[in-house]
Amino acid sequence: MKKLNFLHKILIASITLSTANFVLADDKKTENNLNLDSLVIEKLPHLNAQKKVSVAGLSSGGFMAVQYQIAYSKDISAAAIIAGGPYYCAENNFRTAMGRCTLPKSESEVPSVEYQQKIIKNFADKNLIDDPKNLQDQRIWLFSSKNDKTVYLPVMQYLNNFYNSNIKPNNKTEFVISEKAGHAWITTMGKNACETHKVLPHINNCDDLDIAESYLKFFFPNQVSNDKDNPKYNTDLQNIKGRFIKFSQKYLQQKYNIQNAEMADEGFAFIPTKCESSESIKNVACSVHFVLHGCNQNLEISGDKFIYQTGVWRYADKYNLIVVYPITKTSAKNPFGCWDWFGYTGENYATKLAPQLQTFDAISKELQSK
């Protein structure tokens with residue numbers, strides 16, 4: 001317990017220092033573009049979704065996406081990691097997380113491909129994660145920037161090396177490197193300038209680049225493209241065929257006996273109309289797509305900006321996606337609402353025993369039910 005308390009103090013001090021210069025892009029921290037507060041909590045509908053899910057995440061959400069797609073690899077079809085890093089890089093140690101996993105002093109500090117494989121094999125042998133051979137069936141899209149001052153480019157390069165060594169052929173992986181983007185989700189709906197750093201809500205605009213458009217095209221290469229109806233230019237919810245719902249993460253955790261997840265009571269999802277109507281369910285193959293926020297992007301800190309401005313919901317109808325936005329909570333353990341990629345929920349945070357990952361799995365099971 002003394003060790004945990006000591007690390008917790010380091011956590012508070014270190015993140016406070018690293019976020020001391022954060023600025024809100026506007027004065028309306030809790031501006032609700034989506035009027036989420038007006039939504040009534042409802043149970044996740046049983047939509048007979050496909051058994052394979054996809055995931056995308058930024059920063060702590062990027063590390064979490066890696067943990068999800070490796071721990072539950074048999075259930076994952078594709079993953080997009082934006083400024084994340086290698087699996088189990090922190091090894092249950094916050095100081096390690098803030099060193100070699102984000103701001104390494106040299107490339108030699110970042111876990112090598114061989115080291116990553118050793119960790120994964122060890123966990124798989126203990127049945128803590130799925131068989132890593134399942135990675136062969138996934139598509140992986142990565143994004144980093146030479147201008148990222150929060151997670152250095154070499155961290156993502158070593159993650160890319162791991163995927164290239166474990167997923168063949170290499171055309172099932174794609175690594176996009178920006179010259180000037182700051183540490184942020186890049187979208188045409190972003191309000192911050194492309195190179196902006198440490199300005200909430202960490203959603204930047206780099207001209208025509210839209211991360212969701214890019215990775216979804218890669219996830220679904222056989223999807224017919226119609227540039228005239230490109231969703232990335234649509235910011236009007238009135239023109240979107242679907243609806244947002246608020247669901248109880250707390251209820252699911254109770255139903256599936258998941259404890260100490262350190263998540264908000266509610267999460268959100270966007271469901272295309274064709275994925276929800278009784279006739280369409282029989283004829284349309286919809287799939288679950290998780291979008292994971294980073295630190296300082298949960299509802300308590302940034303309002304609904306991450307859900308709205310990242311704009312992934314705009315592509316839901318085109319790609320038949322049930323877009324799920326799980327939400328963390330802020331607490332003494334986790335003052336900036338990060339996903340657990342260093343152990344604040346317990347030592348099994350990166351395995352199938354992790355309460356946050358178990359919650360994702362519970363959400364998937366509900367939506368996949370008939």
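All values below come from the heavy atoms of this structure, side chains included, with hydrogens, waters and symmetry mates left out. Bear in mind that the values here come from a model prediction, so they are computed numbers and not experimental data.
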Restricting to salt bridge (Lys or Arg N to Asp or Glu O under 4.0 Å), what partner residues turn up for K241, sequence neighbours left out? none
Under a 3.5 Å threshold, yes or no: a donor from one side chain and an acceptor from the other, between T330 and E300? yes
Is the distance between the ring centroids of F244 and F268 less than 6.0 Å? no
Quiz question: by atom type and distance under 3.5 Å, do the side chains of Q368 and N48 form a donor-acceptor pair? no
Spell out, as yes or no, whether a donor-acceptor pair under 3.5 Å connects the side chain of S144 to the backbone of I177. no
Pairs where residues 142-154 contributes a residue and the test salt bridge (charged side-chain N to carboxylate O under 4.0 Å, His left out) is met, not counting sequence neighbours: K146-E179
State the CG-OG distance between L135 and S165, to the nearest 0.5 angstrom. 11.5 Å
Going from CG on L353 to CD on E347, what distance comes out if it is rounded to the nearest 0.5 angstrom? 9.5 Å
Would you check if the side chain of R139 reaches a backbone N or O of A79 as a donor-acceptor pair within less than 3.5 Å? no
Taking atom types as modelled, is there a side-chain donor on H202 or S59 under 3.5 Å from an acceptor on the other? no
Per the side chain to side chain contact (heavy atoms under 4.5 Å, CB included) rule, which among L142, I140, V113, N164 passes with L159? L142
F220 vs K318 side-chain heavy atoms within contact, under 4.5 Å: no
Between Y308 and W313, does the ring centroid distance fall short of 6.0 Å? yes
So H289 and Y215, ring-ring contact (aromatic ring centres under 6.0 Å, His included) or not? Walk me through it. CA-CA 12 Å; H289 177 58; Y215 75 68; 5.5 Å; yes
Decide, yes or no, whether a salt bridge links K246 with D37 under the criterion of side-chain N to carboxylate O below 4.0 Å. no
Check ring-ring contact (aromatic ring centres under 6.0 Å, His included) between Y88 and all other residues, then give those that pass, not counting sequence neighbours. F123, Y349
Check step by step if salt bridge (charged side-chain N to carboxylate O under 4.0 Å, His left out) holds for R100 and E91. CA-CA 11 Å; R100 72 179 189 184; E91 296 191 59; 2.5 Å; yes
Decide ring-ring contact (aromatic ring centres under 6.0 Å, His included) for W339 and H293; before the verdict, give the C-alpha distance in whole Å, the side-chain angles of both, and the deciding distance to 0.1 Å. CA-CA 8 Å; W339 289 104; H293 61 73; 5.2 Å; yes
So D130 and K352, side-chain contact (heavy atoms from CB on, under 4.5 Å) or not? Walk me through it. CA-CA 8 Å; D130 288 342; K352 297 181 79 169; 2.8 Å; yes
Check this for me, if you would: do E109 and K105 make a salt bridge, where the nitrogen-to-carboxylate-oxygen distance has to be below 4.0 angstrom? no
Pairs involving residues 249-259, ordered by first then second residue, that meet salt bridge (charged side-chain N to carboxylate O under 4.0 Å, His left out) (sequence neighbours left out): K255-E366
Approximate separation, where rounding is to 0.5 Å, of T187 OG1 and D210 CG: 4.0 Å
So, do Q117 and N166 sit near enough that their side-chain heavy atoms are less than 4.5 Å apart? yes
Do E195 and N204 come within less than 4.5 Å of each other through their side chains, counting heavy atoms only? no
Derivation of the ring-ring contact (aromatic ring centres under 6.0 Å, His included) call for F306 and W185: CA-CA 9 Å; F306 179 82; W185 188 290; 5.7 Å; yes
Can you pull out every salt bridge (charged side-chain N to carboxylate O under 4.0 Å, His left out) where at least one residue sits in residues 42-68? Sequence neighbours excluded, please. E42-R243
Considering only heavy atoms from C-beta outward, does the side chain of N192 approach that of I203 to under 4.5 Å? no
CD1/I245 to CD1/I271 distance, rounded to the nearest 0.5 angstrom? 4.0 Å
As a quick check of understanding, evaluate salt bridge (charged side-chain N to carboxylate O under 4.0 Å, His left out) for E114 and K118, giving each step before the final call. CA-CA 6 Å; E114 294 75 22; K118 180 180 178 181; over 6 Å; no
M263 and T359, any side-chain heavy atoms less than 4.5 Å apart: yes
Side-chain cluster (under 4.5 Å, hydrophobic types only) that I41 belongs to, other residues: none
State whether the side chain of N205 and the backbone N or O of A193 hold a donor-acceptor pair below 3.5 Å, judged by distance alone. no
Rounded distance [0.5 Å steps], CD in Q297 versus NZ in K305: 11.5 Å
Does a side-chain heavy-atom distance below 4.5 Å link P326 with V324? yes
F247 side chain near L367 side chain, heavy-atom distance below 4.5 Å: no
Any donor-acceptor pair under 3.5 Å linking the side-chain atoms of Y315 with those of N320? no
Look at the side chain of D340 and the backbone N and O of G343, then say whether any donor-acceptor pair between them is shorter than 3.5 Å. yes
Between atom CG of L299 and atom CD1 of I307, what is the distance when rounded to the nearest 0.5 Å? 6.0 Å
Students often mix this up, so state it plainly: with edges at 30° and 60°, are the rings of F63 and W341 parallel, tilted or perpendicular? parallel
Heavy-atom distance under 4.5 Å between the side chains of D137 and S77, does that happen here? no
T345 side chain to N260 side chain, donor-acceptor N/O pair below 3.5 angstrom: no
